[in-house]
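What follows is a set of notes on a single structure, which appears directly below.
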There are 2 protein chains.
Amino acid sequence: MMPRIDLTTLDDSGAAERHVRADAAANRALILQTAERLFAEHGVAAVCMATIAEAAGVGKGTLYRRFASKGELCLALLDSQMSTFQAEALARFRQQTRAGQPYLRQLGDFLEALVFFTDKHAPLLAEVQHGGLLRTETPLNLPHFWQFMTVSALLRSAARNGELAPGLDIDYIGEALLSPLQIDIFRFQRDGRGYTLERIAAGLRGLVSLLGEHPT
Amino acid sequence: MMPRIDLTTLDDSGAAERHVRADAAANRALILQTAERLFAEHGVAAVCMATIAEAAGVGKGTLYRRFASKGELCLALLDSQMSTFQAEALARFRQQTRAGQPYLRQLGDFLEALVFFTDKHAPLLAEVQHGGLLRTETPLNLPHFWQFMTVSALLRSAARNGELAPGLDIDYIGEALLSPLQIDIFRFQRDGRGYTLERIAAGLRGLVSLLGEHPT
DNA sequence: TTGACAAGCGGACTTGAGTCCGCTAATATC
DNA sequence: GATATTAGCGGACTCAAGTCCGCTTGTCAA
């Protein structure tokens, strides 16, 4: 029911992984380490690509050969955390389904978890998303992609299970529920409006619960 | 009930409008005309500030003195259209309220109109929003500001009128309903997903109508 | 081992946003 | 009408993202 999305596989753009030259792999790891350190020291936004290259002792061209943009570099740094998050979410789904939890409840929980994930990784996510939600060919929208797949799968399960009000555009609703988690909007709500994470999560849960309420 | 938001006044940052030097005003108009022409010819994204300055026959410094960023320039170009849109929306609200239309219906209509407005002015809105939803001090988030004021006023009216399900976080819902109209998300839905404007509008209407449905 | 060649590499270069600061000139006062 | 004051002006400059291209080197096949 829930498609397992292997981020790593998708990231390597599918099939033919030829010979990865040792120096290339070493540079990749070196760059990631260096970037992580610099980001931790000065903040993601304040560190420019040239600085990373210099600190890693490689040329700018090399840096850009490994990572086509700052967004891709940040995505690579997020990769393992995303996989973990995804695995935990899937495990929770299985357990909750076994326990007979409604799918809408699972969706609410997932969105809440996503709120905290988004908050925790906001700076990296900002770079990833500014690189482009559009540009569907780059891996940059992978986070949104799997979030959407998850949400819409849950919605479809809920519909199949008779939990949903009739006549809803499930795909649209999936996108709409995720919209407030787009980083610019999320940050605006968090920093500009001062909403707490709890309030944001509760708001999303509220919307989800409306999906289950049938017309009187 | 509906706060009238005067964009122009807000734009001029309030009170003391000293002497506007004639050359400054002339340059402002000249720049706006020039930008409008270049944008029409080559597209907003493809025209850079230096080109606008050169085409207008002014220095880059002058351009930036009139408009602190490309976003502000684009906002200025949108100004009259936004005022018109706003005035029409208010007129429609008055008429609909007189005709006894529920406020939630008015909200649906407003969001639908906003979908078409967003589509029509997507390129300019993109520049405005990339300039910053955050940075609450700049006028750049004026569009979002008045959209939010309008939506939340309608929601409050609906609540006062007993049209709303109980226990909703009205402010949060206002933001959430507007989120899918943030330009990056809107474009992704329109261009990436291929949703028609009608589908987007219908999706938003669907969400709005859920707000009115009470638990069984 | 060697040699061909694709992959990898580095850094100069381009592009565009936005800043700075010394010169100029519109306005208000005398 | 002269002059001081202060906004306005222009374009050189900075900063960061991302591109280009000629040199280098790891890898495979002979």
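Atoms considered below: every heavy atom in the structure, side chains included; atoms not considered: hydrogens, waters and symmetry mates. Chain identifiers are assigned alphabetically (A, B, ...) following the order of the sequence lines, protein sequences preceding nucleic acid strands; residue numbering begins at 1 within each chain.
Between A:F85 and A:F110, the angle of the ring planes lies from 30° to 60°, which puts this pair in the tilted group.
Between the CG atom of B:L63 and the P atom of C:dT19 there is a distance of 12 Å, rounded to whole Å. Regarding B:I31, its CD1 atom lies at a distance of 9 Å from the P atom of D:dG10, rounded to whole Å. Here the C1' atom of nucleotide C:dA17 and the NE2 atom of A:H130 are 16 Å apart, to the nearest Å. Note: CZ (B:F67) to C1' (D:dG8) measures 14 Å, nearest angstrom. With rounding to whole Å, A:R28 atom CZ is found 12 Å from C:dC9 atom P. Put simply, CD1 on A:I52 is 18 Å from C1' on C:dC9, counting in whole angstrom units. The interatomic distance linking A:L30 (CG) with C:dG10 (P) rounds to 10 Å, in whole Å. In this structure, A:L73 places its CG atom 16 Å from P of D:dA16, rounding to the nearest Å.
Using a 3.5 Å distance cut-off with no hydrogens or angles, the side chains of B:D109 and B:Q96 do pair a donor with an acceptor.
The side chain of A:C48 sits closest to D:dA16 out of D:dA16, D:dC9, C:dG10.
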What does the list of N/O pairs under 3.5 Å between the protein and nucleotides 18-24 of chain D look like, with a distance for each?
residue	atom	partner	partner atom	Å
D:dG18	OP2	A:K70	N	3.4
D:dG18	N7	A:K60	NZ	2.8
D:dG18	O6	A:K60	NZ	2.1

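For the side chain to side chain contact (heavy atoms under 4.5 Å, CB included) test with B:P143, the passing option among B:Q86, B:Q129, B:M82 is B:M82; the others fail. Between B:Q106 and the options B:L154, B:V208, B:T150, a side chain to side chain contact (heavy atoms under 4.5 Å, CB included) holds for only B:L154.
For C:dG10, one of the phosphate oxygens OP1 or OP2 lies less than 4.0 angstrom from a side-chain nitrogen or oxygen of A:T62. A:N27 has no side-chain polar atom (N or O) that falls below the 4.0 Å cut-off from OP1 or OP2 of C:dG8. In terms of phosphate contacts, B:R66 brings a side-chain nitrogen or oxygen within less than 4.0 Å of OP1 or OP2 of D:dG8.
Separating the OG atom in B:S152 from the CD1 atom in B:I173 is a distance of 11.5 Å, to the nearest 0.5 Å. In this structure, CZ on A:R199 lies 12.5 Å from CG on A:L197, to the nearest 0.5 angstrom.
The number of heavy-atom neighbours closer than 6.0 Å to CD of A:Q81, taken from other residues, nucleotides and ligands shown, is above 12.
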